Each structure stands twice: as structure tokens, then as C-alpha cells.
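To keep things clear, I will list the structure first and then write my remarks on it.
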Amino acid sequence: MKLETFVVKYWKAFHDIIPTVFNLLNCRVPCSGIRPRCGSDFETTSHALLDCQLILDIWSRSSFWNSGRIKAHPSFVGYVFDLKSKLSKEEMETWCVIAWFIWGDRNGVIHGRSTRPASCIIEDASLWIAEYKRFNNTESPPPNPPSVIARWSLPPYDSLKLNVDAAVDNHCRSHISAVIRDHLGCVRGAATIKCKGYFSAHLVECMAIRDGTKFALQHNFKISEVESGAKNVISAIHTWEPLATHGPIISDILANLVQLENASCSYVPRIRNKVAHILASFALNSSSNYCCWVEELPFGIPLDVLREACP
């Protein structure tokens, strides 16, 4: 979602003109088929973003919940002004983004999707903020030495490497991809899998490694390396926390890595993970739930990309 969309949505909320049931009825717009997540017949801006019991569960999981617990106000604007006096600038930015994601989830429910877990909404909001800050960092990164070319690297002789990636669209539909190549850069196997359900980007990246290693085991590919562009997932694998949201998926990944004779798992930037990234993005626009290629090239991958690391 673009920053411009966020600004417009929040401007509308601040001026109490977002299309809640109450505002639609005031404008004499038929809305008999629109029901809030809680099933109430009464939905104001405050109810949609603050007061609903389902929404309170989301806010209670935020890091500034104790500071944000303010007595009821007659208007959404009054609440926001009081909240602004209690939160830091960074906390207020986080609050605005979470409110934006809450509204997006509300719209998804109205259009037939299931409501997303509170933890997923909080996590996705945090990831969106981190991604926005990363892309708008004014500090220029140090340039790479001229002799260094960032591209996919060949595995050791007579070894196989697995690269995975995930793609999630604006409707939270997701696909994962897995590509296995040998020490000559030749594709030995590949797969795309549609995730059934709506998950956070972090969980989908976890599932990419889990299902990619499972694909390798099913087809007897003895891979020695696994590469992913999700740095937070690689960190979670190396510091496993069983009670975390991703705990059960990480447990499956560790079990698969053991069966693969302790294959290593490491982070690579997207430019060194092009084939898996292109394949996941291609699958996102496909109607197939599962595609598999063994000893053949997957469709949709430019040959110049496949040859980037060939000797």
C-alpha cells in the first residue's frame, strides 16, 4: 500500500468521513448488507477503529496500550488529540498505521474475507513501518567495491542449493516458491505453492523455508544450503523460541534441516535470490495451487537470470 493512500485514509478518518455504517446512513446511502466485524448495527468511526471489543483486543497487544487507554470521547478527533499528548512521535506513527490496518481488515470482512488475528495485524503494521523507513532512509549505503558483483553464487562441487521466496498481494493472498540448483547453476527442481488462508508476511516467509525443504525431501534432493531473503526468519531459525507465533513452523524447518544432514540456512539479499523471487511473483498471478518441475526449467524465468552464475 502506498503512503499517499495512507494519508488520504487517515485524513478522512480524522474528519469523520470514512464510509462507516453511521456515515453512510447520514448520506442516505443504502447499506443494509454492511455489518461490522462484531455484528453490531451501529458503527461510527470510533466504534470501527477504537471501541469495538474485537478492536480492543488488537490495541491491547500494542506496546503503548497503557499510555493509550484514554476515557471515552464524544468524537474520534477528541480521542486522537488526547492520545497525541500521551504518546511519543514514533508511537503515534505506529498507532496511525495500526488503525489503518484495522480499517483494511474491516473492509476485507465486509467483502467476504475472514477477520485476521490481532497478532497478525500488529505484526504487519510493524513490518510496514520498518519497510517504509528502510526505503526512505536518507543515508546512502556504502558503495560495493567495483570488483564485487552481487548475484547468486554457485554451491560447492557436487552439491545442491535451495533458494526460497514468498509473494503476498494487497488482498493477503500468498504464494511461495522453491528452486534447487546444482554446482553448475542448472535447475534440478522447482515448485510453487499457494498458501491456504491469510497470513502475515513473516509467517509466509517461514512457510517458504518449511515447504521448500519439504519439497527437497520428497524428491530426494540432498541439498547442503538453504537461502532466503527474509533476514528475520533466518534469525528466528538460529534463535528458536518454541512459544513464539512462528514457533511450530520453525520447529518443522529444524526437523527438515536435520533430515537433510544439517543443511545450512542463510540470508541473501533479493538481488542474489532473483529466480525464487520471480517465480513466486509469477505464481501469485496464477490460478494453480501447486506447480512442480523436476529436472526441467520452470516457466516464467528469463534465461539470462538463470545463467547469471553459470561458469
Side-chain angles (χ1 to χ4, degrees), residues 1 3 5-24 34-111 113-133 168 170-172 197-204 232 241 243-247:
M1 291 179 280
L3 179 62
T5 305
F6 168 72
V7 173
V8 170
K9 290 290 185 185
Y10 203 76
W11 184 89
K12 288 182 176 180
F14 194 77
H15 289 79
D16 200 15
I17 57 173
I18 58 175
T20 60
V21 173
F22 180 80
N23 287 339
L24 290 174
I34 299 178
R35 305 278 289 186
R37 274 166 290 202
C38 61
S40 171
D41 292 323
F42 184 76
E43 183 197 43
T44 61
T45 300
S46 293
H47 181 85
L49 299 178
L50 302 173
D51 302 336
C52 173
Q53 287 300 317
L54 294 176
I55 304 306
L56 289 175
D57 181 44
I58 298 173
W59 289 120
S60 67
R61 295 170 183 264
S62 63
S63 59
F64 46 82
W65 170 244
N66 290 330
S67 300
R69 296 186 69 176
I70 300 175
K71 294 180 181 180
H73 280 268
S75 69
F76 176 77
V77 176
Y79 180 95
V80 174
F81 269 114
D82 274 2
L83 189 67
K84 188 174 182 295
S85 67
K86 291 176 176 275
L87 301 182
S88 66
K89 180 177 180 294
E90 185 175 345
E91 287 176 328
M92 194 64 198
E93 290 172 351
T94 302
W95 186 93
C96 291
V97 174
I98 292 174
W100 181 32
F101 272 83
I102 288 173
W103 180 254
D105 186 64
R106 174 261 190 197
N107 287 340
V109 171
I110 287 176
H111 291 288
R113 296 203 302 269
S114 301
T115 186
R116 302 179 64 220
S119 58
C120 288
I121 292 176
I122 293 292
E123 183 179 16
D124 280 357
S126 299
L127 290 173
W128 188 93
I129 293 171
E131 192 78 355
Y132 173 78
K133 289 180 177 179
V168 183
N170 290 334
H171 302 289
C172 295
Y198 301 100
F199 305 96
S200 68
H202 176 70
L203 287 181
V204 176
N232 54 345
E241 298 179 5
L243 298 181
T245 306
H246 54 241

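Keep in mind it's a predicted model, so treat the numbers as computed, not measured. The figures that follow rest on heavy atoms only: side chains count, while hydrogens, waters and symmetry mates do not.
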* **For Thr245, all residues meeting side chain to side chain contact (heavy atoms under 4.5 Å, CB included), sequence neighbours excluded** => Leu203
* Taking atom SG of Cys120 and atom CG of Leu127, what is their separation to the nearest 0.5 Å? -> 10.5 Å
* Structure fact -> When every non-hydrogen atom of Ile121 is compared with those of Arg116, the smallest separation belongs to CD1-O, 4.0 Å
* **CA sep, side-chain torsions, deciding dist, call: Ile58, Asp105, side chain to side chain contact (heavy atoms under 4.5 Å, CB included)** => CA-CA 12 Å; Ile58 298 173; Asp105 186 64; 5.6 Å; no
* **Under the side-chain hydrogen bond (donor to acceptor under 3.5 Å, both in side chains) test, residues paired with His246 that sit two or more places apart** => His202
* For Glu241, enumerate each residue passing the side chain to side chain contact (heavy atoms under 4.5 Å, CB included) test, keeping only those at least two apart in sequence or located in another chain. => Ala244
* Checking side chain to side chain contact (heavy atoms under 4.5 Å, CB included) for the pair Phe199/Val168: CA distance, chi angles, key distance, verdict? -> CA-CA 9 Å; Phe199 305 96; Val168 183; over 6 Å; no
* Structure fact -> Sorted by chain and number, sequence neighbours left out, side chain to side chain contact (heavy atoms under 4.5 Å, CB included) with Ala125 holds for Val97, Ile98, Phe101
* **Worked verdict on Ser60 versus Asp57 for side chain to side chain contact (heavy atoms under 4.5 Å, CB included)** => CA-CA 5 Å; Ser60 67; Asp57 181 44; 3.9 Å; yes
